[in-house]
2 protein chains.
Amino acid sequence: MGADDSNNEQDSEEQLLVRVAWHYFMEGLTQSEIASALGTNRPRVNRLIGEARRSGLVTITLNSHLTACVELEGILCRRFGLDRAIIVPTPTKKEALAEILGGAGAELLTQLLNLRTPQRIGVGWGQTVREMVRKMPPFRHPGLSVSSVMGGLTRGIEINTFDIASDLARRIGAECSYFAAPIYASSAESRDAIMNQNVFQEASANAAASDVVFLSVGDMTDRSLMVRNGVPRDLPISELIEQGACGDIMGQFIDRQGKPVDHPLNARTLALPLADLKGVKNVVLMSGGLNKAEVIAAALVGKHANTLICDEETARKALELADEVTAQAG
Amino acid sequence: MGADDSNNEQDSEEQLLVRVAWHYFMEGLTQSEIASALGTNRPRVNRLIGEARRSGLVTITLNSHLTACVELEGILCRRFGLDRAIIVPTPTKKEALAEILGGAGAELLTQLLNLRTPQRIGVGWGQTVREMVRKMPPFRHPGLSVSSVMGGLTRGIEINTFDIASDLARRIGAECSYFAAPIYASSAESRDAIMNQNVFQEASANAAASDVVFLSVGDMTDRSLMVRNGVPRDLPISELIEQGACGDIMGQFIDRQGKPVDHPLNARTLALPLADLKGVKNVVLMSGGLNKAEVIAAALVGKHANTLICDEETARKALELADEVTAQAG
DNA sequence: AAATATCAATTACATATGTAATCAAAACGT
DNA sequence: ACGTTTTGATTACATATGTAATTGATATTT
């Protein structure tokens, strides 16, 4: 009898829980309505609703392939101390990825511009950034400026840093400034000489003063435009790889910790230095594709960005690689 | 390209929806937090949450065998115009049903008593009512009264209407009054003569003045205590069945519409008349078991109760039977 | 190009919600 | 039987929510 009684007690407790949950989640009654219908007080109903959710009596499921992305965004933010992550489902057609990521970037920039906060926008280089600019809806806010954060390429005309910056500037009615020079000088000394010129001082200052910078990273394979058309022909990529390079940010090659590798090429780069990039409040890293997972991981571990725009598959891989790196280092 | 663009539009719309839903339902952020995190306004987030629920993006499920009961309660209330329905899962051990329903009744009565509203409580007869009384926690509120709403049985001592009423009265410290007579008089004339006596006038008035009445119904099978021990031995049950009786409320036999059947026995009943029962604000019908489904349906169709305490299986069957009855009648 | 229509963002407000503090009752031990 | 501890109900209040009205921006039509 005693056991029976306690069972009844529990049963009626669960009954109450189910009743409350039903009325609240299924019928949409207010907590007060439920309380008076069930002959209790509202605070209790409130507690019971919480209990119902915590105990798993109530299960809430999101029914979309996008759910996993949103969850991943949270994980990435926590793992890399990001302020924001935008993860899109990896498309079946890989060639559509740049366009998708670019669209996401354009949306973000539009959002930021509507808040009127960023006045100076820095742009890097790459297919994804190019696509972002293409997708920017044309509108004008007064007082905006766009600056390229890196020098241009001398070979291969597919995408040019000057074009990207000036196109964006035209679309949003902004002032525009570039590094009017090739990305790599012939030597470290040459670089310093160029940078000491007034126009470059100014370009560099403009870039460093950006409120937000949108940039991509490049990997070390032949798929990278930087590897194919940026790095001087007489410099074998293997040299960089031997120094631990796993990719570049603004033409500056970094290792798996995100630190610039010890190679002369880095000293020849005409671009916003990585150290100065850290002074920029918002750095949006927009890159995707499994081949870039390692550089993305490196850039994030090195805390070169506070915002990531990426595809799901690559982001997961990057998380994995980053864990390996920190496990070795730590 | 056009198709691609529109896909992107939809995609980003769904992305927003999923993002909002995720933050709200999974991470428990407030709508304002979500709005600012996603760069929109709160009203939009609010709308999106509604959309997410309506569109089926968010699925909320209650994970309990009791869920079906609570849903059924709502259906029963709407179908029969009940103020309240308490449906418990049908137990595997049928013999436990009366105890379970009794417990539910006791809980309800306790609840009502705590509200201090009902001062006069009427009780019928039956195993379920007996169990309810047994389960009542002993406590006292001043000014309560209990009255039996029907006469007693002369054969079979298992459960007595007097005992039920007086036991309940004792437990809650109430005054008590009965119909101190057998449930059936020898004739209609005899019944009228008895009822004209002062004590019975008083008992009847007490019963009719109840704030709440707890009663059960009986079916026409041998399982019914009323059939076995209440109906005079010289009266074949078949006579009542021929008149369309499908069971009794307080010894008064009703047809499938819930109307008293045209049989002399009904005129011999010493109990609160069904017409007077309709004057009682709260009539709690507590009965269960598949054999009683038909009477329960009849009683509900006849609107003799505003509260039902029943088991799931029986309640479903009663719903079904009631639909048949009203389909024929309408 | 001007005027209108349409849509979404902002504001505003009444209501609902979550939570802490107070209060009453019951259970427990002394 | 009295006081203590624990439990749950009530109150109170700051915050969050749902919704309607207003405003402003964009698109459409004449």
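Letters A, B, ... mirror the listed sequences (proteins, then strands); counts begin at 1. If you're wondering where the values come from, they're calculated on a predicted model, not measured in any experiment.
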ask   = Between Asp163(A) and Arg130(A), is the closest basic N to carboxylate O distance under 4.0 Å?
value = no
Here the distance between atom C1' of dT10(C) and atom CG of Asn41(B), to the nearest Å, is 7 Å
| query | Is the closest basic N to carboxylate O distance between Lys135(B) and Glu99(B) below 4.0 Å? | reply | yes
Among dT17(D), dT17(C), dT10(C), the one nearest any side-chain atom of Arg42(B) is dT17(D)
Can you tell me if CD on Glu27(B) sees more than 12 non-hydrogen neighbours from other groups inside 6.0 Å? yes
note: Leu29(A), atom CG; dG18(D), atom P; distance rounded to Å ~ 14 Å
Sorted by number, residues from residues 44-64 of chain A placing a heavy atom under 4.0 Å from DNA chain D are Arg44(A)
Against the side chain of Gln31(B), the closest entry in dT17(D), dA9(C), dT17(C) is dT17(D)
Next on the checklist: Could you check whether atom CD of Glu51(B) has more than 12 heavy atoms from other residues, nucleotides or ligands sitting under 6.0 Å from it?
Outcome noted: yes
- Using a cut-off of 6.0 Å, state whether more than 12 heavy atoms not belonging to Arg120(A) lie near its atom CZ. no
Original post:
Do Trp125(A) and Ile164(A) come within less than 4.5 Å of each other through their side chains, counting heavy atoms only?
Top reply: yes
Whole-Å distance, Tyr24(B) OH to dG18(C) C1', equals 12 Å
